[in-house]
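Working notes for the structure below.
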Amino acid sequence: MGRRQMKNPIVTLLTDFGTKDHYVASMKGVILKINPLCKVIDITHHIHPQDIMEGAFVLANAFSYFPEGTVHLAVVDPEVGGPRDSILIVTDHFFFVGPDNGLLTLVLHQEKVKEAFKLTEKRFFLPNVSNTFHGRDLFAPVAAHLTLGISPKAFGRRIDSWKTLEFQRPLVKDGGMIGKVIHIDSFGNLVANIGEKDLDRFVGKLPFHILIGKRRIEGTQKGYWEVKRGGLLALIGSSGLLEISVNKGNAQKVLKVKKGDKVFVQNTKDD
Amino acid sequence: MGRRQMKNPIVTLLTDFGTKDHYVASMKGVILKINPLCKVIDITHHIHPQDIMEGAFVLANAFSYFPEGTVHLAVVDPEVGGPRDSILIVTDHFFFVGPDNGLLTLVLHQEKVKEAFKLTEKRFFLPNVSNTFHGRDLFAPVAAHLTLGISPKAFGRRIDSWKTLEFQRPLVKDGGMIGKVIHIDSFGNLVANIGEKDLDRFVGKLPFHILIGKRRIEGTQKGYWEVKRGGLLALIGSSGLLEISVNKGNAQKVLKVKKGDKVFVQNTKDD
Amino acid sequence: MGRRQMKNPIVTLLTDFGTKDHYVASMKGVILKINPLCKVIDITHHIHPQDIMEGAFVLANAFSYFPEGTVHLAVVDPEVGGPRDSILIVTDHFFFVGPDNGLLTLVLHQEKVKEAFKLTEKRFFLPNVSNTFHGRDLFAPVAAHLTLGISPKAFGRRIDSWKTLEFQRPLVKDGGMIGKVIHIDSFGNLVANIGEKDLDRFVGKLPFHILIGKRRIEGTQKGYWEVKRGGLLALIGSSGLLEISVNKGNAQKVLKVKKGDKVFVQNTKDD
C-alpha cells in the first residue's frame, strides 16, 4: 500500500444540494479536516434535485479538463441510505467517488476503467454515518483519504460491474435523424444528443436543415456572430454536440422548448 | 503575543450578500491581500437578507466539520454601521468574527467560549471603514490577521457577554408536542425545531404520529427509501432534527408549508 | 523573458456563465492543469447574459481589493468567436485578460495601463479553440500561463488602443442633477451613477433632496440605522456612489424602480 500523498491534491464536487444550505460547506470541512492541503473545486451544486442524467451530463463535460489524478466526487443520490452501493471507480486518469446509480454513465463513454471498488471500509467514513447525507459522512472522507495516497483497494471490495443509464442516441428513421434536447444551459442554449460525428455521418456534404419547436434552421454556423442579433442558429457547441442558439438571445425562451423535446435533422432536397 | 502563523489557515464565509455582486469577492481579496496562504471557503451567501436566525442555523450546522483553528466569518448584519458591536469569540476549537447580533446563538449551544473581544483596534481594519460594508472593511481584515497568528486580545477590549437570540424549543402541551418548521432546505425538506432527544423523551417507545399541513405521518423512517416514490415521511435528518420529506419529491411543495408553520407530535393511542 | 513563477498566484473569474453548467469548472480545471498552485477565486458568474456594462461595474468594484499581481479573467462575451479581439492589459498593479469589448472600461478609470497585447500566440491556447467558449479554450490558459511567469509580450502583438464603452456621467440641467440607476444589488439597493464628489460639487453645503420613482428623500444619511425600519434613505454606499435603500427592506421592491431609471438631485430652497 505504498502510501504517497498526492502532490497538489484536487477534489471536485458535483451535487444537487444547492448552495443555500450547509450541505456543501460541511463536505468541504470534512475534506479539509482530513487533508488540509486539498483544493476543493465546485463543478456545480445546481443539478436539478435527483436528476442523475443531468448530473452525468455536466460531469462528463467538465471532468477531463482537470489535472490527472483529480478526485471527482459526484453526489446526485435519490436512493441515499437505501440498498444502492457506494463506489470508487479508478480510470486511466482520474478517481470517481459517489453512489452507484449511473451518474458516471457519460464519463465512462470517455474514460477507461482500471479498477472499481464498493466502498465498505468504515474506518474511512465519519464515525456516524447518517441515512440521508452520505456526501458528508461517507463520500467526502473517502475522497479526502484518496488524496492522502491511500490505495483504492483499501476502501472496499473489488467489483467488476456498476450501474449505467441508457443514453439515447439519435435515431435515423424515414430518411431523417431524430434527436432530442438533453440539456439547456443558463444562456438558454439547447443542447441536443447529436454529436458532430452523428451529424457528419448523416448529412455528409449535402445541405440539411433542422426542425425544432415549429422553426426551421438551415444548416449549421461556425459561431453566433454569423447571424444577426436575435437570429436563430445551430452550431456544434463547445461540448461537441449540436446546439440551437439565438445570437445575443435565449433560444429556450424564443422557441419555448423544454428538455426532452425533439430535434429533427433532414436533408434539404426538394422543398 | 507569541505570534505564529496558522499552518493551513482557513477562513469560512457566511453572509446574506448573494453571489451576483462584488461584495463576496471584495472580502476574499482583502483576506488574500493580508494572508495569501488562506483558503477562503464559502459556507453560503444565500441567507435571506437580514435573516439572522437562518444564518445562525446554517452556521451551526456547518462550522464543526472544519479543522480546529478555522476562522468562521459570519455577516448577516442589518444594523451595520449603527450602534451594534463587532466581536471576536474564541471557543475551544474555533474563532468566530462578526456583528454582535445573535448570529452565533446556535453555535454557542455547541461550543464553549474561551474568551471574547469587542473589535476596536482600527489598525487591523481597512484604512477607511464604510458605514454599510463592515464585511469587507472590518471583519475580513480581522479574520485574515487572526490567521497570521495575531493574538485575539490584540483586536480589542475583552467582553464577557454578547447578544443571543431566543431559540424556541418545542412545547409539550395537552399531551402533545408542538414544534415548528425552522428551515426549509433546497430539496424542500422541512426541518423542525425538534431534536432526536426531544422526540425520544416525548414518545418513548410508544407509537406516535406527526401532524403537519393537514397531513398525518405515522412515526419516523430510517431513510427516504423506506417509502414509495412521492411518499411523505418523517425522519431524523443529518442535522439531528426531525425532518418532513417526500421521497424523490419536495415536501414544501406537496404540503404548502412555510417557515414558522407548526409541527405536532402526538402519541397514537385510540384512533 | 526572465521567467519567474508568481509566488502566490491568484486568478479571479468574472463571467455571465451561471453556475449550473460545466462552463466555470472547465475553466478552473484548465487553469489548475497549467498551474496547480493557482488560487482561482470567483468574482461572480451571475452577470446578466451579455450585459458587458454590468460586468464592467462589478469588476471595477472588486478588482482593487486583490493582491498586486492578481490576474483578473473577465468574460462577458457576446461576440465570442467573431471578429472581436482577445486582449491582455497590464496595469500598474494587475493583469486583465478577456475579450476586447469594453468590459474593462470602468477598471481603467482607476488603473493606469502599462502595456497591452492582442492575444495571438496559439501555443498558449488549448489545442482546439471552439468558436463559442474562449473562456475555457483561450482566456483560461493564457491567465494560467501568466501566473507561471510568462512575459506578457510573449502572448501576442502589442496594441495601444482597446474598446471602451461610454459611461454616462450625471448631467446638470435646469439647476438639478440628473443621474440614473446603474446597478441594483441583491438587497435591492439602487446604485446611481452619482459619485460622492459629483454630489459634493453639486450640492455643496446646501440642503438637497433626491427624487426617484415618485418618492422624495431629504439629503443623505450616514447609514441605514439612521432611519426607522422600512424607511427610505439615500447614502454614499461602499462603492463611493449614491445609493437609495430601505432600512431592513428592499428599495427595488418598494420603489418599483429598474436599471436605467432616473435619479434627480435638487437643492431644497423654497418648497
Side-chain angles (χ1 to χ4, degrees), chain B residues 9-11 13 15-42 44-52 75-84 99 101 126-138 140-141 144 186, chain C residues 6-10 12-14 16 18-19 39 41-48 54-55 57-70 72 94 183-189 191 220-227 229 233 235-240 243 245-250 253:
Chain B
I10 298 174
V11 176
L13 303 181
T15 76
D16 59 351
F17 295 167
T19 51
K20 74 178 207 64
D21 299 302
H22 56 278
Y23 301 134
V24 171
S26 304
M27 291 173 69
K28 293 182 181 175
V30 166
I31 291 168
L32 292 170
K33 207 164 178 172
I34 294 168
N35 188 353
L37 301 179
C38 260
K39 276 194 161 63
V40 188
I41 306 286
D42 299 314
T44 185
H45 301 291
H46 298 290
I47 299 300
H48 284 94
Q50 287 118 19
D51 190 338
I52 299 171
V75 190
V76 179
D77 194 8
E79 310 284 348
V80 58
R84 70 104 186 92
N101 62 14
L126 292 200
N128 297 303
V129 175
S130 70
N131 280 319
T132 55
F133 194 4
H134 285 191
R136 177 191 67 192
D137 302 339
L138 191 157
S186 62
Chain C
M6 289 186 186
K7 198 160 167 231
N8 292 298
I10 298 173
T12 76
L13 303 181
L14 177 140
D16 59 351
T19 50
K39 275 195 162 63
I41 307 287
D42 299 313
I43 292 185
T44 185
H45 301 290
H46 298 289
I47 299 300
H48 283 93
E54 184 178 79
F57 178 82
V58 174
L59 183 60
N61 276 287
F63 80 95
S64 67
Y65 291 94
F66 283 83
E68 203 156 324
T70 293
H72 293 296
F94 300 103
H183 189 73
I184 301 177
D185 76 9
S186 62
F187 293 96
N189 295 315
V191 184
T220 49
Q221 308 296 327
K222 280 198 203 126
Y224 308 126
W225 81 93
E226 296 203 308
V227 303
R229 171 188 285 263
L233 72 151
L235 47 65
I236 298 298
S238 61
S239 303
E243 288 186 29
S245 302
V246 166
N247 185 22
K248 294 174 200 170
N250 184 307
K253 287 185 185 162

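Below, chain A is the first sequence line, B the second, and so on; all start at residue 1. What's counted below: heavy atoms across the whole structure, side chains too, no hydrogens, waters or symmetry copies. Fair warning: this is a prediction, and the values are worked out from it, not measured in the lab.
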Work out which heavy atom in B/K20 is nearest to a heavy atom in C/I184; give both atom names and the distance.
-> NZ-O, 2.7 Å
For chain B, find which of C/F57, C/Y224, C/F63 contributes the most heavy-atom pairs closer than 4.5 angstrom.
-> C/Y224
Measure distances from C/L59 to the heavy atoms of chain B and classify the residue's part below 4.5 Å as side chain, backbone, both or neither.
-> neither
Minimal heavy-atom distance between C/W225 and B/P83, with the atoms involved, is CD1-CD, 4.0 Å
Residue part contacting chain C, namely of B/S26, when any heavy atom lies under 4.5 Å = both
Please state whether the side chain, the backbone, both or neither of B/L37 comes within less than 4.5 Å of a heavy atom of chain C.
-> both
Where on B/F17 is there a heavy atom nearer than 4.5 Å to chain C: the side chain, the backbone, both, or neither?
-> both
Taking all atoms of both residues into account, what is the closest heavy-atom pair of B/P49 and C/F187, and its distance?
-> CB-CD2, 3.9 Å
Answer with side chain, backbone, both or neither: which region of C/T70 has an atom nearer than 4.5 Å to a non-hydrogen atom of chain B?
-> neither
Most contacts with chain C, counted as non-hydrogen pairs under 4.5 angstrom, among B/G81, B/G18, B/S130 = B/G81
For chain B, find which of C/A62, C/S239, C/P67 contributes the most heavy-atom pairs closer than 4.5 angstrom.
-> C/P67
The interface call for B/V40 against chain C, heavy-atom contacts under 4.5 Å, is neither
If you take all heavy atoms of B/L32 and C/I41, which pair is closest and at what distance?
-> CD1-CD1, 3.7 Å
Contact class of B/V24 relative to chain C, heavy atoms under 4.5 angstrom = neither
So, are B/E79 and C/K248 salt-bridged, with charged N and O less than 4.0 Å apart?
-> yes
Are the side chain of C/K39 and the backbone of B/C38 linked by a donor-acceptor contact shorter than 3.5 Å?
-> yes
Here the gap from C/S186 atom OG to B/H46 atom NE2, rounded to the nearest 0.5 Å, amounts to 8.5 Å
Answer with side chain, backbone, both or neither: which region of C/L13 has an atom nearer than 4.5 Å to a non-hydrogen atom of chain B?
-> neither
Side chain, backbone, both or neither: which part of C/N250 has a non-hydrogen atom closer than 4.5 Å to chain B?
-> neither
Using a 4.5 Å cut-off on heavy atoms from C-beta on, say whether the side chain of C/L235 contacts that of B/N131.
-> no
With C/Y65, the side-chain contact (heavy atoms from CB on, under 4.5 Å) member among B/H22, B/R136, B/K28 | B/R136
Quick one: what part of C/H48 sits under 4.5 Å from any heavy atom of chain B, side chain, backbone, both or neither?
-> neither
Where does B/D42 contact chain C at under 4.5 Å (heavy atoms): side chain, backbone, both or neither?
-> neither
Check: C/T44 side chain, B/D21 main-chain N or O, donor-acceptor pair, under 3.5 Å = no
